[in-house]
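Quick notes on the structure that follows.
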Amino acid sequence: MIELKGFNLGKVEKRVDWTDELFSLRVSGVPLAFKAGQFTKLALLDERGHPISRAYSVVNAPSEQFDWLEFLIVANPQGQLTPKLQQLRSGDRIFVGATAHGDLVHDTIPKQANDLWLLSTGTGIGPFLSLLDDINLLPHSDNIVLVHGVRYDRDHVYKYLIEQLQQRYEGRLKYVPIVSREHIEGKLQGRLPELITSGELSNKADVPFSQQNSFVMMCGNPEMIKDTSQVLQGLGLEKYRTRTGGNIIYERYW
Ligand SMILES: Cc1cc2nc3c(=O)[nH]c(=O)nc-3n(C[C@H](O)[C@H](O)[C@H](O)COP(=O)(O)OP(=O)(O)OC[C@H]3O[C@@H](n4cnc5c(N)ncnc54)[C@H](O)[C@@H]3O)c2cc1C
Ligand SMILES: NC(=O)c1ccc[n+]([C@@H]2O[C@H](COP(=O)([O-])OP(=O)(O)OC[C@H]3O[C@@H](n4cnc5c(N)ncnc54)[C@H](OP(=O)(O)O)[C@@H]3O)[C@@H](O)[C@H]2O)c1
């Protein structure tokens, strides 16, 4: 393969298929300095040898023990890159960005954030798994609520990791899975903004939203972020700005 400026060439260690559309790629051999919660780029060459690159969040936390990076990806059949990523197998080569970016990181969480909400849809859970898995920088909040909204029950991935994290956080981490397109006993059904408005999400987590104590990080579907931000602002929460602080910070995936 050719060299690509700003990228290193890595090797696919494995691909895990969660569903027909949803998969994880583990890539090794790429030096990437990143903070838990950040994203980098993945790239492949198209039929004419032109690179196609897109941003992807790292799901694992930085570690001195492991040199691999894991990504959670949903294939868009009409998309340019994801159908190609979905066909990669162990041993295949892939370009990985040489730098990482993003503000969904430990440093952004204010010290006084007693209740940390991590609201995600679809593959947007990735950066929060990384953030929670960084043993050197565990979020200090008394209550941490990891919320994952998906279409179908089968899209609730990384359950084993979430269970391990819950043990590590010794009661401070609550996991609230939400399904929008089917009814699943014991899980909330619907969309995040409505479930906040109705109070069902707070009830389920047993944590209220408040301007004083809540810090909300959001990731995933841009419409979810727009609609949820509006609802949270209606409850008195404010968008986070580096200079003035605030309660809400997010990363849109498209
Ligand atoms: C900061 C950042 C981090 C990202 N991290 C991830 C990640 O960890 N995992 C991931 O799967 N994607 C992630 N994305 C989206 C990713 O960069 C691509 O846009 C996506 O994989 C589609 O690429 P494509 O070439 O196949 O489709 P394109 O031809 O680029 O088509 C894009 C369309 O696909 C849909 N789409 C894009 N991303 C998603 C998604 N994640 N879930 C549902 N629908 C989507 C939207 O309708 C969008 O308009 C991230 C995007 C940003 C900006
Ligand atoms: N997951 C699948 O089964 C599937 C199947 C075929 C193709 N795809 C492809 O995969 C892509 C992504 O699918 P995805 O399921 O990972 O992501 P998604 O479409 O972003 O859906 C994830 C969750 O976000 C919710 N959501 C959407 N808009 C919202 C809003 N404004 N406010 C709050 N919540 C909102 C969805 O609810 P709703 O269900 O109410 O929309 C769903 O629960 C699609 O664009 C498509 O190309 C996925």
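As a basis for the values below, the full set of heavy atoms in this structure was taken, side chains included, without hydrogen atoms, waters or symmetry mates. Computed from a predicted model, the values in this text were never measured in an experiment. For ligands, and for the atoms within them, numbers begin at 1 and follow the listed sequence.
Considering backbone and side-chain N/O atoms, R252 never comes within less than 3.5 Å of an N/O atom of ligand 1. Backbone and side-chain nitrogen or oxygen atoms of A55 are examined, and one is located within less than 3.5 angstrom of a nitrogen or oxygen of ligand 1. Polar contact with ligand 2: absent for Y152 (N/O pair, distance under 3.5 Å). Checking only distances, G79 never comes within under 3.5 Å of ligand 1, N or O to N or O. Of the N or O atoms in D227, one or more lie within a sub-3.5 Å distance of an N or O in ligand 2. Residue R54 has at least one N or O atom closer than 3.5 Å to an N or O atom of ligand 1. Some N or O of L72 is nearer than 3.5 Å to an N or O of ligand 1, by distance alone. The shortest N/O to N/O separation between E251 and ligand 1 does not fall below 3.5 Å.
Nearest non-hydrogen protein atom to atom 21 (O) of ligand 1 is Y56 OH, 2.6 Å. Nearest protein neighbour of atom 18 (P) of ligand 2, counting heavy atoms only, is N221 ND2, 3.9 Å. Considering only non-hydrogen protein atoms, atom 26 (O) of ligand 1 sits nearest to T82 OG1, 2.5 Å. Summary of contacts: the protein heavy atom closest to atom 32 (N) of ligand 2 is M224 CA, 3.3 Å. Of the protein's non-hydrogen atoms, the one nearest atom 23 (C) of ligand 2 is G149 O, 3.6 Å. For atom 25 (C) of ligand 2, the closest non-hydrogen atom of the protein is T121 CG2, 4.2 Å. Protein heavy atom nearest atom 8 (O) of ligand 1, with residue, atom name and distance: S57 N, 3.0 Å. If you check which protein heavy atom lies closest to atom 29 (O) of ligand 1, you get Q80 N, 3.2 Å. For atom 49 (O) of ligand 1, the nearest protein heavy atom (residue, atom name, distance) is W254 CD1, 3.6 Å. Nearest protein heavy-atom neighbour of atom 9 (C) of ligand 2: A75 O, 3.9 Å.
Heavy atoms of other residues, nucleotides or ligands lying less than 6.0 angstrom from NZ of K11 number 12 at most. For Q212, the CD atom is loosely surrounded, since the number of other residues' heavy atoms within 6.0 Å does not exceed 12. By the 6.0 Å contact criterion, CG on D20 is open, its count of non-hydrogen atoms from other residues, nucleotides or ligands being 12 or less. Counting heavy atoms of neighbouring residues, nucleotides and ligands inside a 6.0 Å radius, atom CZ of R252 does not exceed 12 of them. The number of heavy atoms from other shown groups lying within 6.0 Å of NZ (K174) is above 12.
Exactly one residue among V147, V145, L173, L131 makes a side-chain contact (heavy atoms from CB on, under 4.5 Å) with L118. That residue is L131. Each of V150, I162, L119 was compared with I125 under the side-chain contact (heavy atoms from CB on, under 4.5 Å) criterion, and only I162 meets it. In summary, of the residues considered (R151, H148, H156, R154), a side-chain contact (heavy atoms from CB on, under 4.5 Å) with V179 occurs for H156 alone.
Contacts of T228 with ligand 2, taken as heavy-atom pairs under 4.0 Å, are absent altogether. Of the heavy atoms in E21, only side-chain atoms (C-beta onward) come closer than 4.0 Å to ligand 2. When non-hydrogen atoms are compared, ligand 1 lies under 4.0 Å from neither the backbone nor the side chain of N221. Contact annotation: for F39 versus ligand 1, heavy atoms closer than 4.0 Å belong to the side chain alone.
Scanning for ring-ring contact (aromatic ring centres under 6.0 Å, His included) contacts around F128 gives an empty result, with sequence neighbours left out. Not a single salt bridge (Lys or Arg N to Asp or Glu O under 4.0 Å) links E182 to another residue, sequence neighbours left out.
The contact set between ligand 2 and N76, taken as ligand atoms under 4.0 Å from a residue heavy atom, comprises 47 (O). Near W254, meaning under 4.0 Å from any of its heavy atoms, are these atoms of ligand 2: 20 (O). Using a 4.0 Å cut-off to heavy atoms of S180, the atoms of ligand 2 that qualify are 36 (C), 37 (O), 38 (P), 39 (O), 40 (O), 42 (C), 43 (O). Atoms of ligand 2 lying under 4.0 Å from at least one heavy atom of D155, given by number and element, are 1 (N). Here is the list of ligand 1 atoms found below 4.0 Å of a heavy atom in I73: 11 (O). Ligand 2 places these atoms under 4.0 Å from at least one heavy atom of V150: 42 (C), 43 (O). Near L81, meaning under 4.0 Å from any of its heavy atoms, are these atoms of ligand 1: 24 (P), 25 (O), 26 (O).
Of the listed residues (V74, T82, V179, I196), the one carrying the non-hydrogen atom nearest atom 10 (O) of ligand 2 is V74. Of the candidates R151, Q189, E182, R154, the one placing a heavy atom closest to atom 11 (C) of ligand 2 is R151. The heavy atom nearest to atom 29 (C) of ligand 2, out of those in R191, H148, R181, Q78, is found in R191. Selection from I125, L22, T123, V59 by nearest heavy atom to atom 10 (C) of ligand 1 gives T123. Distances from atom 42 (N) of ligand 1 to the heavy atoms of L44, N76, V74 put V74 nearest. Among F71, Y253, F23, the residue whose heavy atom lies nearest to atom 5 (N) of ligand 1 is Y253.
For L72 against V59, the heavy-atom pair with the smallest separation is N-CG2, 3.5 Å. Between Q38 and G102 the shortest heavy-atom distance is NE2-O, 3.1 Å. When all heavy atoms of G124 and C219 are compared, the pair lying nearest together is O-CB, 3.4 Å.
Ring centroids of Y240 and F215 are separated by less than 6.0 Å, placing the two rings close together.
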Derivation and outcome, side-chain hydrogen bond (donor to acceptor under 3.5 Å, both in side chains), residues T19 and Y152: CA-CA 10 Å; T19 70; Y152 302 103; over 6 Å; no
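Residues K226 and E223 are paired through a salt bridge, judged by an N-O separation under 4.0 Å between the basic side chain and the carboxylate. A salt bridge is defined here as a Lys NZ or Arg NE, NH1 or NH2 lying under 4.0 Å from an Asp or Glu carboxylate O, and E47 with K84 meets this definition. Using a 4.0 Å cut-off between charged nitrogen and carboxylate oxygen, R15 and D17 count as a salt-bridge pair. Salt bridge R168/D133: present, at least one basic N to carboxylate O contact under 4.0 Å.
P193 counts as a contact of ligand 2, since one of its heavy atoms falls under 4.0 Å from the ligand.
A donor-acceptor pair is defined here as one N or O able to donate and one able to accept, closer than 3.5 Å; such a pair exists between the side chain of R172 and the backbone of S141.
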